[in-house]
Amino acid sequence: MPQHKEKGEVAIPLMQGIEALLFVADVPLSVEEMATLWERAYGTRPSSEEVKAAIEALNRVYEETGRVFRIQRWGGGYRLATVAPVSPLLQHYKQPEAKLSQTLLETLAIIAYRQPITKPEIDHIRGVNSDYALRRLQELELITVTGRSDTVGRPLLYGTTQRFLEYFGLNSLNDLPELPELKQLLENPEIRQEHLRLLYSFEPENQESTA
Amino acid sequence: MPQHKEKGEVAIPLMQGIEALLFVADVPLSVEEMATLWERAYGTRPSSEEVKAAIEALNRVYEETGRVFRIQRWGGGYRLATVAPVSPLLQHYKQPEAKLSQTLLETLAIIAYRQPITKPEIDHIRGVNSDYALRRLQELELITVTGRSDTVGRPLLYGTTQRFLEYFGLNSLNDLPELPELKQLLENPEIRQEHLRLLYSFEPENQESTA
Amino acid sequence: MYRVRLPVFEGPLDLLLYFIRRDELDIYDIPVARIADEFLAYVRLMEELDLDGVGDFLYLAAVLLHIKAQMLLPRPPAETAEEAPAEDPRQELVARLLNYLRYKEAAGRLDACAEARRRLYTRGAAAGAGNEEAIAAPPPLAPVSMLELLGALRKVLERRVHPPDHTVRREIYSVEAQMRYVQTQLQQQKRRSFAALVAGQSRGFVIATFLAVLELARQGQVWLHLQESGDDFLVELTEALSVEETYAAA
């Protein structure tokens, strides 16, 4: 890559630049954002391929030299994060973020797989009013209003956000775990039982004591 | 260093542990803090010399492999920071400005006028759960925990920070403007006793009347 | 004394699924008459506790009663196994249950993603401190005037004036907040009786705390020990037992 010095700066190797940017960023950075920042500093714009190659090269070096972080691809951008084996230690420094409640998870799952979707549709699937869950998920910036439906009353349509992807460690909606097929649940009585068991894994001998 | 596994965890190399801690730490970490965190996770306590040796070894590796950060001694502790040659590039990366949402503003206002105040009280005044707002305002360093209340459950007390004053251009909390609306509300006969009590305590001279 | 885990239901469909699982029922052959009675008993309990969302449960209770009535009507004689399901009054309900089950299952898979993601730490507040300036500087803030701060406060005050007292009271205690309260209490003393946790508190506090304890039990964070008298129970911190330990202890 030609490295003009139009801005009077001596360009550092691209790999180092990418590492530095990811080191100080506290959100995922896209290839375009990194290329633009580089261009502003040094006057030349690296191609997407060059940026991606640098990212791959960095991850290889991290692996080979025993670094405890990797560049992850989340929500369409790149971000430095630690590797799993160090988490038992890190948990003593910083509690992981609180888990989402079952209510929020269920509502979020419906929105993730069915987006764009209206509140009445969500309510129907869950069998309950989802007011609170929708408000809270918006506050957490995991979902957002994406428009209005053309149906009666023109209800708001909800969809997931970039932060949703990052929160679940996904790069795009294509990475969502497969939605279990209805057929799968319908056809196989084994799976039926198994699913229900998983969903309500109480110790059998204590069942009688529920409220 | 002997690596007992009293806590059922397989210890990682100390060097990797130190790197991971410094990677995620929000503030400089002292040798003692790192040793304590290690001990909590793995049951053995590395000596100061071992921790310092690991730090030196890490810096050597960073230098040899072209990393753009080093472990620096800072304010009695250690932290990871980028090297000078990358700062011209980093100057072009500005963190996106955090915008205070209505939720955050409301919560901040209540804390500003009623500090020190507990979360249950804030929730009570706002009529909604303020979990998220409190966490976010702490992240933004606009509020901080100032102590614990003596009431049931000994909830944390929150107050505003120096950054809050700077942000709103105030010299001290005494410069917080009075709210004419408060007086109006006080004179409104519709308002119930409880509200009166609540509003009353916004007046600086009545601050001692908070629950 | 014995240990129990109490389920908390996400809604009426979730409660139905629970009955099906507990009694190992065939989801296609739900004994609606029996389930409807039990369902109603649960709804009555909800009303007793003055819980939000009873309306959603009442609706499904009505659906169940309707199906029950339909099933009491005499059936046509040709009752070969293959033809019956098409006209089964339970069909729509079963379809809904299964559809809900799909998303419940999907929620579980998403949770597994989040769990894996939570183990990967990012740089957090330290990011951005790479430059020579302040360490761990919080992100810069978009300008806000004092006026906006006051405006926000006024909104809170306005909101406070309008709702009738009982509505406000109901919202004072959130289950989330009470979960934290219970956790804090148990950190000071690993085992407390429920009565002690709520001693001298209001009805709203007791209900929210009760629900919080149920949720903590469901998450496996606490054990509940029933006392012989049956009018109180102990709440005990599980100290993050591993799955194996949990089963060994059961």
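Residue numbers begin at 1 in each chain, while the letters A, B, ... track the order of the sequences.
- Interface remark: A:Gln72 contributes side-chain atoms only to the contact with chain C (heavy atom separation under 4.5 Å).
- Per-residue heavy-atom pair counts under 4.5 Å with chain C were compared for A:Leu170, A:Ile110, A:Leu176, and the maximum is reached by A:Ile110.
- When heavy atoms are compared at a cutoff of 4.5 Å, C:Arg96 approaches chain A solely by way of its side chain, counted from C-beta outward.
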Determine whether A:Glu166 and C:Arg117 satisfy the following criterion, salt bridge (charged side-chain N to carboxylate O under 4.0 Å, His left out), listing intermediate values before the conclusion. CA-CA 8 Å; A:Glu166 210 213 321; C:Arg117 167 65 182 85; 3.2 Å; yes

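- At a 4.5 Å heavy-atom cutoff, A:Tyr93 makes no contact with chain C through either its backbone or its side chain.
- Minimum heavy-atom separation, C:Asp56 to A:Asn129: OD2-N, 3.1 Å.
- Side-chain contact check for C:Arg123 versus A:Arg79: every heavy-atom pair is 4.5 Å or farther apart.
- With values rounded to the nearest 0.5 angstrom, C:Lys104 atom NZ is found 9.5 Å from A:Arg126 atom CZ.
- Interface remark: C:Leu110 contributes backbone and side-chain atoms alike to the contact with chain A (heavy atom separation under 4.5 Å).
- Residue A:Tyr113 touches chain C through its side chain alone, counting heavy-atom pairs closer than 4.5 Å.
- Side chains of A:Leu100 and C:Asp111 form no contact here, defined as non-hydrogen atoms less than 4.5 Å apart.
- Within the 4.5 angstrom heavy-atom criterion, no atom of A:Arg70 approaches chain C.
- Between C:Pro12 and A:Val128, the closest side-chain pair of non-hydrogen atoms falls below 4.5 Å.
- For C:Tyr121, the ring-ring contact (aromatic ring centres under 6.0 Å, His included) criterion is met by no residue, not counting sequence neighbours.
- Proximity to chain C (any heavy atom under 4.5 Å) is shown, for A:Leu104, by neither the backbone nor the side chain.
- When the ring-ring contact (aromatic ring centres under 6.0 Å, His included) test is applied to A:Tyr167, no partner is found at least two apart in sequence or on another chain.
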